[in-house]
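As the structure lists them, so they are numbered: ligands from 1, and atoms in each ligand from 1.
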Amino acid sequence: MVLKNLSDLKNIAVNGPKRKLILAAAQDKDCLAAVIKAWQDGVIEPVLVGDESNIREICDANHFNIDGISVVNEPDIETAVQTSVRLVHNKEGDILMKGKAGTSTILKSVLDKQWGLRSGRLLSHIALFEVEAYSKVFAVTDVAMNIAPKLKEKIAILNNSVSCLNALGYKCPKVAILGAVEMVNENMEATLDAALLSKMNQREQIKNCIIDGPLAFDNAVSYESAIQKGIKSEVAGDTDLLLMPDIEVGNVLYKSLVFFAKAKVASMILGAIVPIVLTSRSDSEQSKYFSVLLAAGATK
Ligand code: COD
């Protein structure tokens with residue numbers, strides 16, 4: 001099964017038990033709107049940790065009804081984040097979501113060795129996109145967390161992302177390892193890593209997916225481009241997951257898709273003991289809502 005639209009995430013997320021979502025520094029209008037919508041869908045049970053009077057002001061001003069939702073009053077942002085992370089650490093939450101706090105404040109707490117959310121795996125970011133120009137939802141990793149992953153980190157990033165897609169129903173996702181070109185070029189490290197990752201997949205050192213690379217973006221997502229270049233590949237033109245060479249390429253692609261292609265997006269951090277929804281201020285309310293559905297759906 002593949003997702004045609006990001007709204008399909010709701011069908012996945014509504015099945016199974018409700019996940020408890022802890023919204024850290026919850027005094028943020030778009031995050032509250034997204035969380036309340038997912039709560040009304042029956043997908044999550046939220047706990048709002050933050051400045052209670054500010055949370056209630058925002059809810060009153062926007063006609064959000066939070067009767068029945070737990071609120072933990074913690075006006076200081078850093079303390080609210082720490083309280084939220086500790087709740088998850090103590091198994092009182094299944095999903096952590098960033099509200100008004102800064103990304104570094106959240107990551108610092110998540111990576112705390114005593115009471116953080118480390119699992120021993122690498123943390124990595126995954127983003128799912130819906131664009132008019134492609135027939136299905138596709139994923140991109142890592143556009144926001146790991147800066148310049150080496151082969152070892154790329155393997156960990158792939159394993160995180162493939163497990164997530166498997167959980168969403170992609171039995172054997174098609175993975176393109178991106179480079180600037182589709183031939184191995186000894187001066188382009190991304191193409192060398194791509195060839196190694198493809199071989200590791202063939203030898204079942206990386207499982208539950210089909211990997212091919214190097215592929216350039218055009219032949220990863222377009223059959224016509226692949227045919228024109230004479231590329232024979234099970235992945236080319238039908239990619240489910242694109243592995244980026246580094247954060248710059250990934251982040252520019254992410255933002256190009258959103259700003260120029262008007263992509264709908266859902267994203268989260270994988271590899272911690274629970275999924276972490278870490279959307280940024282520039283992400284739309286809809287993207288925050290889809291990200292909550294993604295975090296809930298990928299853990300069902
Ligand atoms: N997974 C698991 N543990 C990690 C990871 C990871 N991806 N990164 C760091 N750690 C652990 C290390 O093992 C160590 O114990 C501790 O965290 C600190 O490690 P450092 O000193 O290497 O890490 P930092 O604090 O210098 O950097 C970690 C960041 C995540 C902050 C860094 O990788 C970063 O800045 N990433 C880019 C974030 C960003 O700017 N995104 C913008 C796009 S929206």
Side-chain angles (χ1 to χ4, degrees), residues 23-25 28 30-31 34 77-78 81-82 84-86 88-89 95-129 139-165 177-178 189-190 193 197 206 241-261 263-292 294-295 298-299:
L23 180 56
D28 177 278
D30 285 353
C31 289
I77 287 186
E78 208 168 314
V81 168
Q82 289 180 10
S84 303
V85 170
R86 282 172 197 267
V88 177
H89 179 91
I95 298 169
L96 177 70
M97 179 169 179
K98 174 176 94 82
K100 209 178 164 60
T103 301
S104 61
T105 312
I106 291 270
L107 287 178
K108 219 171 111 191
S109 283
V110 165
L111 290 170
D112 186 276
K113 285 193 172 129
Q114 254 118 52
W115 46 265
L117 309 181
R118 287 171 182 255
S119 70
R121 286 182 290 149
L122 188 81
L123 265 56
S124 63
H125 183 270
I126 188 168
L128 266 58
F129 292 94
V140 180
T141 191
D142 177 333
V143 308
M145 178 103 200
N146 292 283
I147 296 173
K150 295 284 179 198
L151 183 68
K152 192 173 166 196
E153 285 87 39
K154 287 180 182 174
I155 296 166
I157 292 169
L158 281 174
N159 282 328
N160 279 347
S161 302
V162 168
S163 298
C164 169
L165 290 176
I177 313 294
L178 281 200
E189 199 180 330
D193 285 351
L197 291 165
I206 304 171
L241 171 67
L242 295 154
L243 180 82
M244 295 293 121
D246 60 35
I247 198 170
E248 278 86 12
V249 178
N251 208 266
V252 172
L253 175 64
Y254 181 119
K255 284 172 183 159
S256 312
L257 288 169
V258 171
F259 283 88
F260 285 167
K264 292 178 183 163
V265 58
S267 68
M268 65 173 170
I269 299 283
L270 301 165
I273 57 171
V274 298
I276 303 168
V277 178
L278 204 65
T279 52
S280 65
R281 249 162 284 179
S282 61
D283 288 319
S284 66
E285 178 191 312
Q286 187 191 46
S287 143
K288 290 177 171 125
Y289 167 66
F290 284 143
S291 300
V292 172
L294 170 63
T299 49

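- Of all atoms in ligand 1, listed by their number and element, those nearer than 4.0 Å to a heavy atom of N251 are 43 (C).
- Protein heavy atoms are absent from the 4.0 Å sphere centred on atom 26 (O) of ligand 1.
- Using a 4.0 Å threshold on non-hydrogen atoms, atom 29 (C) of ligand 1 does not count as touching the protein.
- By the criterion of a heavy-atom distance under 4.0 Å, both the backbone and the side chain of M145 are placed next to ligand 1.
- The two residues C31 and K98 have their closest heavy-atom pair at SG-O, 3.5 Å.
- Of the protein's non-hydrogen atoms, the one nearest atom 31 (C) of ligand 1 is L107 CD1, 4.4 Å.
- Between A34 and Y289 the shortest heavy-atom distance is CB-N, 3.4 Å.
- In terms of protein heavy-atom proximity, atom 14 (C) of ligand 1 is nearest to R118 NH2, 3.7 Å.
- For CD of E189, the number of neighbouring non-hydrogen atoms (other residues, nucleotides, ligands) closer than 6.0 Å is 12 at most.
- The N/O atoms of R121, backbone and side chain alike, include none that comes under 3.5 Å of an N/O atom in ligand 1.
- Distance screen at 4.0 Å: atom 22 (O) of ligand 1 has no protein heavy-atom neighbour inside the cut-off.
- When non-hydrogen atoms are compared, ligand 1 lies under 4.0 Å from the side chain of I147 (C-beta onward) but not from its backbone.
- The aromatic rings of H125 and Y254 are tilted relative to each other, their planes meeting at an angle between 30° and 60°.
- The protein reaches atom 3 (N) of ligand 1 closely, with a heavy atom under 4.0 angstrom from it.
- Here the protein heavy atom with the shortest distance to atom 41 (N) of ligand 1 is A144 O, 2.9 Å.
- Pairing each heavy atom of N146 with each of L123, the nearest pair is ND2-O, 2.8 Å.
- Taking a distance limit of 4.0 Å, we find that atom 37 (C) of ligand 1 is approached by some protein heavy atom.
- In this structure, of L111, L270, D283, the residue bringing a heavy atom nearest to atom 17 (O) of ligand 1 is L111.
- Counting heavy atoms under 4.0 Å from ligand 1, residue L123 touches it through both backbone and side chain.
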